[in-house]
Peer 1: 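First the structure, which I've put down as structure tokens, then a few questions once you've had a look.
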Amino acid sequence: MPEAGILRVAVPAPLRRLFDYLPPEGQQITRFQPGCRIRVPFGRRVLTGFVLETAQRSEIEPAQLKPALAPVDSTPLFSPAMLALLRWSADYYHHPIGEVLAGAVPARLRRGAALYGKTECWSAVAGPESLSARARRQRELLAFIIARQRVTRPEAAAAGFSPDLLRQLAGKGLLRKENRPEQPAPAFAPCHCAGADRPKLNPEQAEAVARFKAAGEGFHCALLNGVTGSGKTEVYMRLMEEELAAGRQCLVLVPEIGLTPQTIERFRQRFGLPLAVFHSGLGDSERLAAWRHAGEGSAAILIGTRSAVFAPMARPGLIVVDEEHDASFKQQEGFRYSARDLAVMRARKENIGIVLGSATPSLESFHNAAAGRFLSLELRSRAGGSAPARLLPLDIANQHLPGGLSELAMRKISQHLEAGNQVLVFINRRGYAPVLHCPLCGWMAQCEDCSALLTVHAEPACQRCHHCDSRRNIPARCPVCRQDDLATAGLGTQQIERFLRREFPATPVLRIDRDSTKGRGGFKALLSNVAKGEAAVLIGTQMLAKGHHFPGITLAVIVDADGGLFSPDFRGQEQMAQLITQVAGRAGRDSDRPGEVLVQTRHAEHDTLRSIIELSYSEFASHMLAERRAAAMPPFAHLCLVRAESKDRAAALGLLRRARGEIEAECRRRRVRLTGPLPAPMEKRQSRYRMHLLLRGENRAGLHAIIAFLTRHLEALAPPRNLRCHIDVDPIDLL
Ligand code: ADP
Ligand code: ZN
Ligand code: ZN
């Protein structure tokens, strides 16, 4: 029998290997290129997988090999660079390759739909004279179709004609329906018209642009460390300009809360080129359309959150990661990748430049810049010439503050409002109060399914768990001692809103958190209120703290700076410094109104807090780096967290104990430190107990060898369905 050859297929299943198939009956092995989808029998199901390799023969008994069913694509869905990236990331994150590939494409493609299918369109078989004059809209639609020769339903809808109207015309026999194959749109027209009214770069910006360009063609990664308001976006746009003029595409990754209509508008206005926008709120067909525009090259700028790192590019030119330190770049479930880190690897595989920008870079990126792996670009002053805001610590230890704000803070707020300015009051906790308790017996309201207290909400009045979103009525009396005088403790945005409304009845008080911005356009409406610039108090969580440019804000008050000081997470202080710096960065962005920042704390003498207030973020970061080095923590060591979750506490713990037993000797040999298994700091979540086993190694290769061994062991063990176990490489959430 002649050698038929073997297809090696990545199948969307939780197994870290490829599966061998014979080519479909009667088909040549040579027509299958890596990256093409194929339908294969898998157990009792039929799945859509990706051909990754072809081989002469399989290690499986020939009699056991099954033929694949049918190819889906005739050309690969992924470029060679993307395929290399995805295979690299499946290895690096120890995640099953089939799931990595499936997760990287839009849901429609995952389910096997054609990249370009057939589309229904209508043409006219008679003129408008065949309709009565009263059927005005029908006549208009018919005229529209005649003018366009043929239209699709979305085209008619875009011109304001409903699907009903189309149906009515078709019902009268005036239209002919055809199925025509969809065509890729042509590449965008390169533009040399980057806006004559763009600002002249200041010397620091000009130097950053020049140094990036001097690094030449091919892969290079720069960290753009620029204080808030220093004009980082302007630097990105100058670097993009050149790529776009040469007809190359730019991929811009932004954090979840950074992808506002303002952000998109800024790029659209500057370049006037087609954009493809990617975010989690897209419907299936919108996502497929964006993917096509990116992959065919008709979109010039691809902009999106985390998953946009997988968007195809026909002609890649540049990648930008804005606010590179933001935690939303790390996927927290399933395939736990860092979009920032993958973006750097992607730039390497595509052999193009990449800029990571932030006012508060992650310690990882600082370290890479210091070690010379990244080009280090700095913007130390604000672009418009405004002075950086002054930070003032306010000791509130032993003070009872009804609305959470000290006397001085209240006085300052009045002054700034009287001067016609806006004030930002920052508290990173939504709801009314984080605690409901009984002052007599000490009972506290807890979630039944999570190791967490229930947050009291005022509108509508109820208790909510912020971890599983369960809701309950507020009890009338204490469930333990039955007395009926329960109290709240601590503050949330709603309570401060209520307090400030009472204190400043004549001033608009806007609360901006996840609850107040729910629903379509909620955030947009609130933001446009702020943009009017009238005197107002804005109360916000971190949604408001990052990235926005509100020139009217001259005062920021941080209600409680102590949250991160005693965090069980080793990144707590880094995150706190980033948040305080970002909040401070909202104040005084307008050059003739300097900003002030009040930092309320009960630990004014705490070293970390004092360094955050007294030093620049960059100086603070170098202190933190020295501490991390001394403690052999990231970025000087690499972490991998193995989590087990189960309703059965002992089962989760038992699995990790056995896992530890399997790798203990090897860890000693390769100098990988093991911690645990231990209950997670938040032991129970959504009724599941969570156990952690943490691996820490100074040598990445040794650590990865052990994880590879461990994942094979866990796969072979095949824990029961109610016992989940997963691997988180470079975890950022240890809670
Ligand atoms: P960042 O992203 O660093 O926080 P932005 O890019 O949003 O800062 O810039 C802050 C403000 O400064 C924006 O209003 C921007 O238009 C303005 N700006 C940026 N660069 C310049 C420049 N060279 N000259 C004048 N204004 C500038
Ligand atoms: Zn009680
Ligand atoms: Zn809960």
Side-chain angles (χ1 to χ4, degrees), residues 195 197-209 224-240 252 254-255 258 260 262-263 265-267 269-270 320-324 326 355-361 377-386 388-389 436-455 463-472 475-487 531 545-553 581-582 584-591 617 682-688 690:
D197 53 346
R198 69 210 205 306
K200 189 172 171 323
L201 294 182
N202 66 34
E204 282 186 328
Q205 288 172 318
E207 192 193 330
V209 169
L224 178 61
N225 173 12
V227 299
T228 53
S230 58
K232 292 183 288 296
T233 312
E234 193 57 44
V235 172
Y236 306 148
M237 292 199 288
R238 288 308 167 96
L239 297 176
M240 290 165 67
V252 182
V254 296
T260 60
Q262 283 92 330
T263 311
E265 211 35 50
R266 216 168 151 184
F267 288 96
Q269 281 187 356
R270 170 64 62 90
V320 172
V321 182
D322 191 26
E323 310 287 354
E324 64 88 32
D326 196 90
V355 197
L356 311 178
S358 176
T360 54
L377 308 174
E378 260 188 286
L379 306 177
R380 294 162 196 265
S381 47
R382 285 184 161 178
S386 63
L436 179 72
H437 68 112
C438 168
L440 277 186
C441 75
W443 168 85
M444 290 196 274
Q446 266 198 311
C447 178
E448 283 166 11
D449 296 331
C450 307
S451 340
L453 295 176
L454 292 171
T455 302
Q463 302 185 86
R464 279 161 58 177
C465 173
H466 286 180
H467 302 281
C468 67
D469 215 31
S470 66
R471 288 160 201 230
R472 281 203 276 158
R477 46 183 69 243
C478 172
V480 177
C481 72
R482 312 302 300 164
Q483 68 95 11
D484 61 3
D485 200 12
L486 296 177
K546 299 184 189 174
H548 306 292
H549 183 64
F550 301 132
I553 297 179
T581 309
Q582 293 284 351
R586 295 319 111 207
R589 288 169 77 98
D590 189 356
S591 56
Y617 177 82
M682 190 176 165
E683 180 172 348
K684 199 172 154 204
R685 188 164 179 170
Q686 295 180 330
S687 340
R688 284 201 180 75
R690 308 158 77 236

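For the single chain, residues carry numbers from 1 onward in sequence order. Counting convention: from 1, in listed order, for ligands and their atoms alike.
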Peer 1: What closest approach, in Å, do Gln483 and Cys438 show between heavy atoms, and which atom pair accounts for it?
Peer 2: NE2-SG, 3.3 Å
Peer 1: Once you restrict to heavy atoms under 4.0 Å, what part of Thr233 touches ligand 1? Side chain, backbone, both or neither.
Peer 2: both
Peer 1: Below 3.5 Å, N or O to N or O, backbone or side chain included: is there any such pair between Gly229 and ligand 1?
Peer 2: yes
Peer 1: Do any nitrogen or oxygen atoms of Lys232 lie less than 3.5 angstrom from nitrogen or oxygen atoms of ligand 1?
Peer 2: yes
Peer 1: Please identify which atoms of ligand 1 are closer than 4.0 Å to at least one heavy atom of Asn202.
Peer 2: 23 (N)
Peer 1: Would you check the N or O atoms of Gly231, main chain and side chain alike, for any that come under 3.5 Å of an N or O of ligand 1?
Peer 2: yes
Peer 1: Is Lys200 touching ligand 1 with its side chain, its backbone, both, or neither, if touching means heavy atoms under 4.0 Å apart?
Peer 2: backbone
Peer 1: For the backbone of Val227 and the side chain of Tyr617, can you confirm whether one donor and one acceptor N or O come within less than 3.5 Å of each other?
Peer 2: no
Peer 1: Would you say Cys450 has an N, O or S atom lying under 2.8 Å from the Zn ion (ligand 3)?
Peer 2: yes
Peer 1: Are any of the heavy atoms in Arg266 under 4.0 Å away from ligand 1?
Peer 2: yes
Peer 1: Using heavy atoms and a threshold below 4.0 Å, how should the contact between Pro199 and ligand 1 be classified: side chain, backbone, both, or neither?
Peer 2: side chain
Peer 1: With Glu234, which of Arg198, Arg266, Gln205, Arg270 fulfils side chain to side chain donor-acceptor pair (under 3.5 Å)?
Peer 2: Arg270
Peer 1: To check you understand the geometry: which heavy-atom pair defines the closest contact between Gln582 and Ala359, and what is its length?
Peer 2: NE2-CB, 4.2 Å
Peer 1: Check Gly357 against Tyr236 and note the closest heavy-atom contact, atom names and distance.
Peer 2: CA-OH, 3.3 Å
Peer 1: Restricting to non-hydrogen atoms, name the atom on Pro475 and the atom on Leu436 that form the minimum distance, rounded to 0.1 Å.
Peer 2: CD-CD2, 3.9 Å
Peer 1: If I take the Zn ion (ligand 3) as the centre, what angle separates the SG atom of Cys447 from the SG atom of Cys468? Nearest 10 degrees is fine.
Peer 2: 110°
Peer 1: Quick one: closest heavy-atom pair of Ala587 and Arg382, and the distance?
Peer 2: O-NH1, 3.2 Å
Peer 1: Enumerate the atoms of ligand 1 whose separation from the nearest heavy atom of Ala383 is less than 4.0 angstrom.
Peer 2: 12 (O), 18 (N), 19 (C), 20 (N), 21 (C), 27 (C)
Peer 1: Report the angle formed at the Zn ion (ligand 2) by atom SG of Cys478 and atom SG of Cys438, rounding to the nearest 10°.
Peer 2: 110°
Peer 1: Quick one: closest heavy-atom pair of Arg472 and Leu454, and the distance?
Peer 2: NH2-CD1, 3.1 Å
